[in-house]
Student: 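One structure, as structure tokens, below. Some questions next.
When reading the values below, keep in mind they use all heavy atoms of this one structure, side chains included, and skip hydrogens, waters and symmetry mates. Every number for a ligand or one of its atoms is a count from 1 in the order of the listing.
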Amino acid sequence: MKVDHILVRYGEIALKGKNRNEFEQILKGNINQALREIGSARAKRIFGRLIVEVGDEDDADQIMARLQNIFGIVSLSKAVKTTRELEDIQTAALYMMNEDLTAKTFKVTARRSYKQTPLNSQEMNYEIGSYVLRNTEHLTVDVHNPDVELHVEVREHGTYLSAGRVMGRGGLPVGSSGKTMLLLSGGIDSPVAGYLAMKRGAVVEAVHFHSPPYTNERAKQKVIDLAKQMAAYGGAVRLHLIPFTKVQQDIHQKIPSYYAMTITRRMMMRISEQVAHEQRALALVNGESLGQVASQTLESIHAIEEASSLPVLRPLVTMDKTEVMDIAMEIGTYETSILPYEDCCTIFLPQESKTKPKLEKAKMFETNLDIEDLVSQSLAGKETMLIKHQDSTDEFDDLL
Ligand code: ATP
Ligand code: MG
């Protein structure tokens, strides 16, 4: 016997009323896209919920691990399918209970949507439970607070048994909330911001500003790696690499140094907005957290945000750096983010910046720049790539 199904539970989706159908379709699509990387298992909608059918060649644990990264899933359980015959159900129940040797107590909960069975649910609980007890040594029954609840669901064409619950990440399926454009630096914060936007169902594309030859190939590769890690949670990430050298040189020459940071950010906003329009994204996302650094005071945020008319989502706005770092470590971006390659801003920007820049002053200094020309030059050099998540098994394949 083998785990041949995985039950997928989703919460918030069900609350969305008439959108439910659409949401399930999106979640199913996302699950299948992720599963395509690792084998033949696919999700199906059966009895108003999602069930993954695990093929003979597939590894249920590997599938569970992959699905734990898919937003919209609240929890997952392994399941086996058998006939409606009591003997078969008992055998399957014993198999399921032997799968988890850490459990000491259990309880059987049988439900019948097919009622023409010789036994009712109570009787089935008893017959299945006592069979498991007779054939194991490590288990006792606890009906109030069991370590494992064995669900038995009798349907016309067969019986599903499931046990044990692994938590998913919750959130909403990516693609159910429209598209956003993330400003992705090589730092710790912006990948986490992108991850959290994905968690709420947004498709995330990314723009990254680099300044060759002052920033090198390794700095670029670092951002590609970050996008790849984010793609584990949101499907493929479209990454737009934007040359920013000319903008920074002009700012360096023509803007007083204490307004350079504000105006650099305003230029990033303008260019990002254009890319967002092109790609039909409805909002920008960045990694700002209130008060974290000079560019993230309210005065600064106010003076920078004005340069674009798109809404700016700031998933990290209320977080402390340590909270952001915890998430970065958990999602696997931290190690990449702390690699010490030069970022465009660290090279050109002066040590001291205004912590309380004035919008009017920023606008006045900007008249020294040919903004339209700088924006279109940067956009003309844009390089776009579609970054996919490569599951670790692929890397192992390369080594073999
Ligand atoms: P991060 O860790 O994300 O770099 P940070 O705390 O270092 O954030 P800043 O460097 O001030 O803060 O950047 C604020 C935000 O501006 C970043 O979170 C990111 O969204 C955006 N940003 C900064 N530099 C770049 C860049 N080179 N390309 C794209 N976006 C950038
Ligand atoms: Mg940074």
Student: Are any protein N/O atoms closer than 3.5 Å to the N/O atoms of ligand 1? If there are, list each pair with names and the distance to one decimal place.
Tutor:
| residue | atom | partner | partner atom | Å |
| --- | --- | --- | --- | --- |
| ligand 1 | 2 (O) | Ile188 | N | 3.0 |
| ligand 1 | 2 (O) | Asp189 | N | 2.8 |
| ligand 1 | 2 (O) | Asp189 | OD2 | 3.4 |
| ligand 1 | 3 (O) | Ser185 | OG | 3.2 |
| ligand 1 | 3 (O) | Ser190 | N | 2.7 |
| ligand 1 | 3 (O) | Ser190 | OG | 2.9 |
| ligand 1 | 4 (O) | Ser185 | OG | 2.5 |
| ligand 1 | 6 (O) | Asp189 | OD2 | 2.6 |
| ligand 1 | 6 (O) | Gln292 | OE1 | 2.7 |
| ligand 1 | 8 (O) | Asp189 | OD2 | 3.3 |
| ligand 1 | 10 (O) | Arg265 | NH2 | 3.2 |
| ligand 1 | 11 (O) | Arg265 | NH2 | 2.7 |
| ligand 1 | 11 (O) | Ser295 | OG | 3.1 |
| ligand 1 | 11 (O) | Gln296 | NE2 | 3.4 |
| ligand 1 | 12 (O) | Gln296 | NE2 | 3.0 |
| ligand 1 | 13 (O) | Arg265 | NH2 | 3.3 |
| ligand 1 | 18 (O) | Gly287 | N | 3.0 |
| ligand 1 | 20 (O) | Leu183 | O | 2.6 |
| ligand 1 | 20 (O) | Gly287 | N | 3.2 |
| ligand 1 | 27 (N) | Phe209 | O | 3.1 |
| ligand 1 | 28 (N) | Leu184 | O | 3.4 |
| ligand 1 | 28 (N) | Phe209 | N | 3.0 |

Student: Considering residues, nucleotides and ligands other than Lys321, do more than 12 of their heavy atoms fall under 6.0 Å from its NZ?
Tutor: yes
Student: Run the salt bridge (charged side-chain N to carboxylate O under 4.0 Å, His left out) test against Glu127 and tell me which residues pass, sequence neighbours left out.
Tutor: none
Student: Filter on side-chain hydrogen bond (donor to acceptor under 3.5 Å, both in side chains), then keep only pairs touching residues 134-146, sequence neighbours left out; what's left?
Tutor: none
Student: For the residue pair Glu149 / Thr109, report whether a side-chain donor-acceptor contact shorter than 3.5 Å exists.
Tutor: yes
Student: Please determine, by modelled atom types, if Asp225 and Thr336 share a side-chain donor-acceptor pair under 3.5 angstrom.
Tutor: no
Student: Anything under 3.5 Å between a donor and an acceptor, one on a side chain of residues 168-175, the other on a protein residue two or more places apart or in another chain? List them.
Tutor:
| residue | atom | partner | partner atom | Å |
| --- | --- | --- | --- | --- |
| Arg169 | NE | Gln68 | O | 3.3 |
| Arg169 | NE | Asn69 | OD1 | 3.2 |
| Arg169 | NH1 | Tyr195 | OH | 2.7 |
| Arg169 | NH1 | Glu330 | OE1 | 3.0 |
| Arg169 | NH2 | Asn69 | OD1 | 3.3 |
| Arg169 | NH2 | Glu330 | OE2 | 3.1 |

